[in-house]
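The structure presented is a predicted model; accordingly, all values stated were derived computationally and were not measured. In what follows, every heavy atom counts, from backbone to side chain, and hydrogens, waters and symmetry copies are set aside.
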Number of protein chains: 2
Amino acid sequence: MLNKHDCKSELNDAQLRATPARIALMELFENSLEPLDVQTMIDYLQKRNITADNATVFRIVNAFTQKGLTRQIQLHENKFRYELAARGEHHHLICNVCGKIEDISDCKIEDFQDEISKKKKFVIKSHALEFYGTCNNCQK
Amino acid sequence: MLNKHDCKSELNDAQLRATPARIALMELFENSLEPLDVQTMIDYLQKRNITADNATVFRIVNAFTQKGLTRQIQLHENKFRYELAARGEHHHLICNVCGKIEDISDCKIEDFQDEISKKKKFVIKSHALEFYGTCNNCQK
DNA sequence: TAGTATTTGCGATAGACTTGCGTTAGTATA
DNA sequence: TATACTAACGCAAGTCTATCGCAAATACTA
Ligand SMILES: [Mn+2]
Ligand SMILES: [Mn+2]
Ligand SMILES: [Zn+2]
Ligand SMILES: [Zn+2]
């Protein structure tokens with residue numbers, strides 16, 4: 001949860017110029033608990049009266065990802081989502097009813113991964129794991 | 001691996017009319033080791049001289065999925081893939097070099113899933129797990 | 001404050017996928 | 001086997017996500 005000034009520094013550190021749209025989007029990422037899609041970013045900028053073409057928003061999030069500020073993920077949708085890379089690789093619980101997306105920080109599949117890697121002679125560089133179901137709220 | 005006649009029965013059982021394109025695509029699914037994207041299905045039909053508009057192929061695979069014959073999956077691409085639902089839920093090894101996709105039949109994450117479910121009070125209905133890396137062939 | 005490289009806006013473009021509508025063709029039943 | 005009903009199809013247009021080329025704007029640096 002960084003403020004406007006910190007977001008500027010973050011951009012500078014990544015060798016990205018601190019434009020209004022980029023600063024606002026870094027703030028959005030810092031304050032979001034869920035991974036964001038591009039449409040959400042566009043809507044957010046509009047609410048803050050920051051004009052930004054949608055091609056620009058796609059370019060911004062690509063630049064963020066390329067510089068290692070964000071990570072691109074995908075959750076069985078026909079679009080990508082993005083979240084802060086600094087929060088580390090982790091997994092997600094996705095509610096099929098309300099769409100809520102929750103982080104799972106602890107990964108317990110290392111042993112399984114090692115076993116598969118050996119058995120299949122496959123060098124595993126990364127993995128994606130998501131659980132789909134019904135969240136606590138939506139069970140009532 | 002079913003023949004043409006069996007594929008017809010499968011379609012009838014699912015209350016789907018057995019058109020040439022549907023029969024051919026069921027055969028393709030039965031004989032494929034990897035999940036298929038729609039373009040692959042279109043190419044296959046062309047090779048067999050079965051005319052099918054691409055809207056039709058999308059409608060076919062949606063019908064298959066809706067009737068439970070196939071399952072829609074997605075492997076961090078901007079498109080969906082489909083595989084036979086009868087083979088059961090399983091996971092995949094995806095080679096970042098050659099694109100090869102291999103099935104992993106044994107799932108060893110049940111304990112982790114139960115733990116998460118309890119901790120987050122989340123009813124888990126399904127999960128997706130994929131490993132990305134370099135296959136045996138591409139390591140040389 | 002001027003110079004320059006980076007970033008943006010705009011419009012065109014691409015690819016995956018959907019939809020409306022009139023026609024075709026599987027299937028049931030006689 | 002002929003008939004009728006409805007599912008399925010072809011075609012064309014449209015939607016949605018994402019990219020690209022180019023000229024204009026703007027953030028940084030000196
Ligand atoms: Mn997350
Ligand atoms: Mn598979
Ligand atoms: Zn929910
Ligand atoms: Zn490979």
In whole angstroms, how far is the [atom2] atom of [N] from the [atom1] atom of [X]?
X: A:R17; N: D:dA25; atom1: CZ; atom2: P; answer: 16 Å
X: B:M26; N: C:dG26; atom1: CE; atom2: P; answer: 18 Å
X: A:D13; N: D:dC28; atom1: CG; atom2: C1'; answer: 15 Å
X: B:L45; N: D:dC9; atom1: CG; atom2: P; answer: 11 Å
X: A:L16; N: D:dA27; atom1: CG; atom2: C1'; answer: 12 Å
X: B:N12; N: C:dG26; atom1: CG; atom2: P; answer: 13 Å
X: B:E77; N: D:dA18; atom1: CD; atom2: C1'; answer: 16 Å
X: B:I23; N: D:dA8; atom1: CD1; atom2: C1'; answer: 13 Å

Checklist line | Sole residue of A:L45, A:I50, A:T51 in side chain to side chain contact (heavy atoms under 4.5 Å, CB included) with A:P20 | finding: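 When A:L45, A:I50, A:T51 are each tested with A:P20, the side chain to side chain contact (heavy atoms under 4.5 Å, CB included) holds only for A:I50.
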
Of A:N136, A:L93, A:L33, the one forming a side chain to side chain contact (heavy atoms under 4.5 Å, CB included) with A:E102 is A:L93

Heteroatom pairs (N/O) under 3.5 angstrom, protein to nucleotides 19-21 of chain C:
from   : atom 1 : to    : atom 2 : distance (Å)
C:dG20 : O6     : B:R59 : NH1    : 3.1

Looking only at atom types and distance, does a side-chain atom of [X] sit under 3.5 Å from a main-chain N or O of [Y], one as donor and one as acceptor?
X: A:E89; Y: A:A128; result: no
X: A:H90; Y: A:G88; result: yes
X: A:S117; Y: A:F122; result: yes
X: B:E10; Y: B:M26; result: no
X: A:T65; Y: A:V61; result: yes

Whichever of B:R22 and A:P20 has the more 5' nearest nucleotide on DNA chain D, that residue is B:R22

Exercise. Between B:F80 and A:H76, how do the two ring planes meet: parallel, tilted or perpendicular, split at 30° and 60°?
Worked result: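 Tilted.
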
Pairs under 3.5 Å (N/O, protein and nucleotides 1-4 of chain D):
none

Pairwise N/O distances under 3.5 Å, protein to nucleotides 14-17 of chain C:
from   : atom 1 : to    : atom 2 : distance (Å)
C:dC17 : OP1    : B:F80 : N      : 2.8

Does a side chain donor of either B:S9 or B:N12 reach within less than 3.5 Å of an acceptor in the other side chain? no

Hey, mind stepping through A:R71 and A:R87 against side chain to side chain contact (heavy atoms under 4.5 Å, CB included) and telling me if it holds? CA-CA 10 Å; A:R71 183 185 306 112; A:R87 290 185 190 159; over 6 Å; no

Salt-bridge criterion met for B:D6 and B:K8 (N-O under 4.0 Å): no

Margin query: With a cut-off of less than 4.0 Å, is there a side-chain N or O of A:T19 near OP1 or OP2 of C:dT8?
Written below: yes

